[in-house]
Amino acid sequence: MSGRRVVITGGASGMGAALVAALSDSDAQVLSLDITEPEGERVAAAAGAAFLRCDVTDKDSVDRAFAEGVRALGGLDVLIHAAGIAPSSPAESTPMSMWESTMAVNATGTFLTNQAAFEHLRERGGRIINFASAAGAKGLPGKAAYAASKGAVLGWTRTVAVEWAKHGITVNAIAPAIRTPMYEKTRASMTSEQLAAHDQHLTTLIPLGGKLGKVEDLVPVLEFIAGEGSRFMTGQIFAVDGGSLMVR
Ligand SMILES: NC(=O)c1ccc[n+]([C@@H]2O[C@H](COP(=O)([O-])OP(=O)(O)OC[C@H]3O[C@@H](n4cnc5c(N)ncnc54)[C@H](O)[C@@H]3O)[C@@H](O)[C@H]2O)c1
């Protein structure tokens with residue numbers, strides 16, 4: 001990753017924060033973008049990375065952050081778009097406001113950040129890595145709006161992978177199962193019976209270890225996809241999930 005110029009959204013928490021630290025450690029030049037300001041700044045400063053506040057649902061905010069941030073980096077090689085939200089609700093009682101905010105962050109955020117990155121990658125090529133979810137491929141009971149928004153991420157990713165290939169830009173998606181603050185929120189929303197059933201379900205769902213992985217399980221995969229070695233791979237869903245999305 002040495003010298004690669006990388007923008008990471010969602011850099012204040014979870015996988016985005018782990019990647020800000022790990023890629024900075026690998027001598028990449030990292031710009032972290034997040035709506036959560038003090039924490040985003042703290043994580044970036046500890047890693048020696050840059051930070052800008054950015055709301056991925058807002059075109060002006062995204063375009064400003066990319067214009068200012070990429071100028072400071074001296075160009076762009078990689079976008080890792082990890083910002084996302086995952087609220088829970090039964091499908092039939094999902095409020096309109098939850099549907100709209102989930103689509104805004106996860107689907108529109110992907111659209112806006114990818115378009116902004118494209119402007120900086122179109123001449124020299126590069127990598128776009130979007131965080132989708134197994135939920136977008138196979139659904140997720142209790143998170144219908146989230147699953148729909150991640151389905152949108154997959155459709156967008158596969159389409160621009162084709163459209164932007166002629167610019168030397170690869171566009172891939174990650175479907176992770178990694179223990180982060182987002183997953184802790186999901187666990188906290190469950191009753192003790194639901195939690196017991198969930199943990200039992202994971203033992204068969206995830207062949208490698210029976211539970212979600214750690215950020216350390218994700219970092220080497222991201223370094224590979226963000227690096228030169230993945231140049232002939234595009235439009236893929238990379239499941240980093242202990243085998244839960246495997247077809248069987
Ligand atoms: N944790 C998992 O196992 C899992 C599974 C499937 C998909 N994902 C996806 O991976 C990505 C990272 O998830 P995580 O578990 O690290 O989550 P997380 O909650 O720890 O971090 C998400 C980050 O996104 C930021 N964010 C939210 N709304 C934003 C906005 N409008 N503008 C800018 N930033 C915003 C938050 O401030 C936070 O820092 C998400 O897209 C998530 O949907 C996670």
Side-chain angles (χ1 to χ4, degrees), residues 1-84 104-131 153 156-157 160-161 163-174 219 222-228 230-231 234:
M1 296 307 297
S2 184
R4 274 175 104 71
R5 298 157 299 183
V6 184
V7 170
I8 301 176
T9 72
S13 173
M15 289 179 268
L19 289 164
V20 168
L23 299 195
S24 299
D25 222 34
S26 302
D27 293 329
Q29 286 175 254
V30 176
L31 165 66
S32 168
L33 304 179
D34 205 293
I35 199 169
T36 309
E37 204 164 4
E39 195 53 17
E41 246 160 25
R42 194 194 61 71
V43 168
F51 175 80
L52 288 173
R53 185 188 180 278
C54 172
D55 177 355
V56 300
T57 70
D58 175 350
K59 180 167 167 53
D60 287 345
S61 173
V62 170
D63 289 349
R64 251 197 325 270
F66 272 79
E68 184 185 330
V70 173
R71 194 180 324 116
L73 286 180
L76 182 67
D77 299 302
V78 181
L79 165 65
I80 298 175
H81 173 50
V105 177
N106 296 350
T108 306
T110 300
F111 162 71
L112 291 175
T113 57
N114 285 204
Q115 276 193 338
F118 174 77
E119 286 311 316
H120 299 281
L121 298 175
R122 65 188 308 162
E123 299 301 333
R124 299 181 53 251
R127 307 265 175 275
I128 295 176
I129 304 167
N130 291 321
F131 274 63
V153 173
W156 166 268
T157 296
V160 295
E163 288 192 20
W164 296 349
K166 60 178 174 289
H167 297 277
I169 301 169
T170 69
V171 192
N172 289 292
I174 306 295
V219 166
L222 263 287
E223 290 196 328
F224 169 66
I225 302 168
E228 259 312 299
S230 68
R231 64 188 161 272
T234 197

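- Not one N or O on the side chain of S230 forms a donor-acceptor pair closer than 3.5 Å with the backbone of A226.
- From M1, atom CE reaches atom CG of L222 across 9.0 Å, with rounding to the nearest 0.5 Å.
- The shortest distance between side-chain heavy atoms of D77 and R124 falls below 4.5 Å.
- To the nearest 0.5 Å, the span separating CD1 on I225 from CD1 on I80 amounts to 9.0 Å.
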Practice prompt. Could you give me the CA-CA distance, side-chain angles and deciding distance for I128 and L121, then say whether side-chain contact (heavy atoms from CB on, under 4.5 Å) is met?
Written response: CA-CA 9 Å; I128 295 176; L121 298 175; 3.8 Å; yes
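- Shown here for A17 and A12, the closest heavy-atom pair between the two residues is CB-C, 3.8 Å.
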Fill in: Derivation of the side-chain contact (heavy atoms from CB on, under 4.5 Å) call for T57 and T108
CA-CA 6 Å; T57 70; T108 306; 5.6 Å; no
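- No more than 12 heavy-atom neighbours from other residues, nucleotides or ligands sit within 6.0 angstrom of CD on E68.
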Discussion item. Under the criterion side-chain contact (heavy atoms from CB on, under 4.5 Å), I'd like the reasoning laid out for L23 against E223: C-alpha separation, chi angles, the key distance, then a yes or no.
Written reply: CA-CA 8 Å; L23 299 195; E223 290 196 328; 3.4 Å; yes
Worksheet entry | Step-by-step side-chain contact (heavy atoms from CB on, under 4.5 Å) determination, V56 to L112 | CA-CA 7 Å; V56 300; L112 291 175; over 6 Å; no
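- Here S32 contributes atom OG and E39 contributes atom CD; the two are 10.5 Å apart, rounded to the nearest 0.5 Å.
- V78 is not listed as a side-chain neighbour of R5, based on a closest heavy-atom distance of 4.5 Å or more.
- Remark: side-chain polar atoms of R122 are not paired, donor with acceptor, to backbone N or O of H167 under 3.5 angstrom.
- In this structure, S2 OG and Q29 CD are separated by 9.0 Å, a value rounded to the nearest 0.5 Å.
- Nearest heavy atom pair, residue E228 against residue R4, reads OE2-NH1, 3.8 Å.
- One distance of note links CZ of R64 with CG of D55; it measures 10.0 Å at 0.5 Å rounding.
- Residues A47 and A21 approach most closely at CB-CA, 3.9 Å, considering heavy atoms.
- In terms of modelled atom types and a separation under 3.5 Å, the side chain of T9 and the main chain of A83 share a donor-acceptor contact.
- The minimum heavy-atom distance between D34 and G11, with the atom names listed, is OD2-N, 3.2 Å.
- Screening V171, V7, I169 against L79 for a side-chain contact (heavy atoms from CB on, under 4.5 Å) leaves a single residue, V7.
- Here the straight-line distance linking atom NZ of K166 with atom CH2 of W164 works out to 10.5 Å at 0.5 Å rounding.
- Between A65 and L52, the shortest heavy-atom contact is O-CD1, 3.6 Å.
- One side chain, N130 or T157, offers a donor N or O that lies under 3.5 Å from an acceptor on the other.
- The shortest heavy-atom contact between L33 and F51 is C-CE1, 4.2 Å.
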